[in-house]
**Q** 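Pasting a structure here, questions to come.
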Amino acid sequence: MSEEGTSTFAERVYHVVAAIPEGRVTTYGLIGRALGSPRSARIVGSALRFTPGDVDIPAHRVVNRIGFLSGGWHFGHPDVMRDRLLAEDVPFRDVDEYLVDINACLWDPSDDPALDWLAGDPFPQ
DNA sequence: GCCTTGACGGCAA
DNA sequence: GTTGCCGCCAAGG
């Protein structure tokens, strides 16, 4: 059963990322887990990499499992992503290393019941 | 239709 | 405790 009907795997990623509360960050692994594929962490990253300009999502709140701004250069420069996180009061473990203290602001998408439909259920529409 | 790449993660040495 | 390698799922060429 792969008739998600949505559009692409990336489409679900956008919904999860868009659900990230301000001042919080999440990891690719948690997002993949919320999609029912805990092994598809790389796919989540690839999805955001292919994110068209038409999609407006806070991708700067998505970091890898160590809290490093993996896609920092995708914003033109890591400093851009860092500045956005600092503006949201996101605690940094090493600002010079672009390391976010995920242990203090890590947000689990599975904690949001609104994303329960991503755990395997078909599109709510 | 097949092969390679990729914003990563987990396990082994 | 640190470094390296392999694995997984999806999309692009």
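Proteins get letters first, then strands, A, B, ... in listed order; numbering begins at 1 in each. Everything numeric in this text was worked out from a predicted model, so none of it was measured.
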**Q** Could you give the OH-to-C1' distance, from A:Y14 to C:dA10, as a whole number of Å?
**A**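 From A:Y14 OH to C:dA10 C1': 12 Å.
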
**Q** Between C:dC8, B:dA7, B:dG9, which nucleotide gets closest to the side-chain atoms of A:S70?
**A** B:dA7

**Q** If I take atom CZ in residue A:F9 and atom C1' in nucleotide C:dG12, what distance separates them, rounded to the nearest angstrom?
**A**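 Roughly 17 Å, once rounded to whole Å.
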
**Q** What integer distance in Å separates A:R65:CZ from B:dC8:C1'?
**A**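 The answer, rounded to whole Å, is 10 Å.
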
**Q** As a test of reading the structure: which of C:dG7, B:dG9, C:dG12 is closest to the side chain of A:R42, going by heavy atoms?
**A** C:dG7

**Q** Using whole Å, what does the distance between atom P of nucleotide C:dA11 and atom CG of A:L48 come to?
**A** 13 Å

**Q** Taking the side chain as every heavy atom from C-beta outward, state whether A:L99 and A:F92 have any pair of such atoms under 4.5 Å apart.
**A**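 Result no, sub-4.5 Å side-chain heavy-atom pair not found.
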
**Q** If you check the A:R39 side chain, which of B:dC8, B:dA7, C:dC8 turns out closest?
**A**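 In terms of side-chain proximity for A:R39, the closest of B:dC8, B:dA7, C:dC8 is C:dC8.
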
**Q** Within the structure, does a side-chain N or O atom of A:R49 lie under 4.0 Å from either OP1 or OP2 of B:dA7?
**A**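 Yes, because at least one side-chain N or O of A:R49 sits under 4.0 Å from OP1 or OP2 of B:dA7.
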
**Q** Would you say A:C105 and A:V100 make side-chain contact, with heavy atoms under 4.5 Å?
**A**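 When only atoms from C-beta onward are counted, A:V100 and A:C105 do touch, with a gap below 4.5 Å.
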
**Q** Please give, in whole Å, the distance from C:dA11 P to A:E11 CD?
**A** 12 Å

**Q** Base, sugar-phosphate, or nothing for A:F75, non-hydrogen atoms under 4.0 angstrom?
**A**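 Base: the residue A:F75, judged by heavy atoms under 4.0 Å, touches a nucleobase.
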
**Q** Tell me: CZ of A:R33 to P of B:dC8, nearest whole Å?
**A**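 My rounded result for the distance is 17 Å.
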
**Q** Please figure out whether A:S40 or A:F50 has its closest DNA chain C nucleotide nearer the 5' end.
**A**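 Result: A:S40.
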
**Q** By nearest atom, which of the nucleotides C:dC8, B:dA7, B:dG9 is closest to the A:H74 side chain?
**A**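 The answer is B:dA7, which lies nearest to the side chain.
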
**Q** Taking any heavy-atom pair under 4.0 Å as a contact, classify A:A10: base, sugar-phosphate, or nothing.
**A**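 No contact at all - A:A10 keeps every heavy atom at 4.0 Å or more from the nucleic acid.
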
**Q** Less than 4.5 Å apart, any side-chain heavy atom of A:Y28 and any of A:N64?
**A** yes

**Q** Starting from P on B:dC8, measure out to CD1 on A:I102 and report it in whole angstrom.
**A**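 Answer to the nearest Å: 14 Å.
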
**Q** Which heavy atom of A:T27 sits nearest a heavy atom of A:R65, and at what distance?
**A** CG2-CA, 3.8 Å

**Q** Start with the C-alpha gap between A:R61 and A:E88, add the side-chain angles, then the distance that decides, and say whether salt bridge (Lys or Arg N to Asp or Glu O under 4.0 Å) holds.
**A** CA-CA 10 Å; A:R61 294 177 188 155; A:E88 297 181 2; 2.9 Å; yes

**Q** Please report, rounded to the nearest Å, how far the C1' atom of B:dC8 is from the CG atom of A:L69.
**A**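 Distance check: A:L69 CG to B:dC8 C1' gives 15 Å.
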
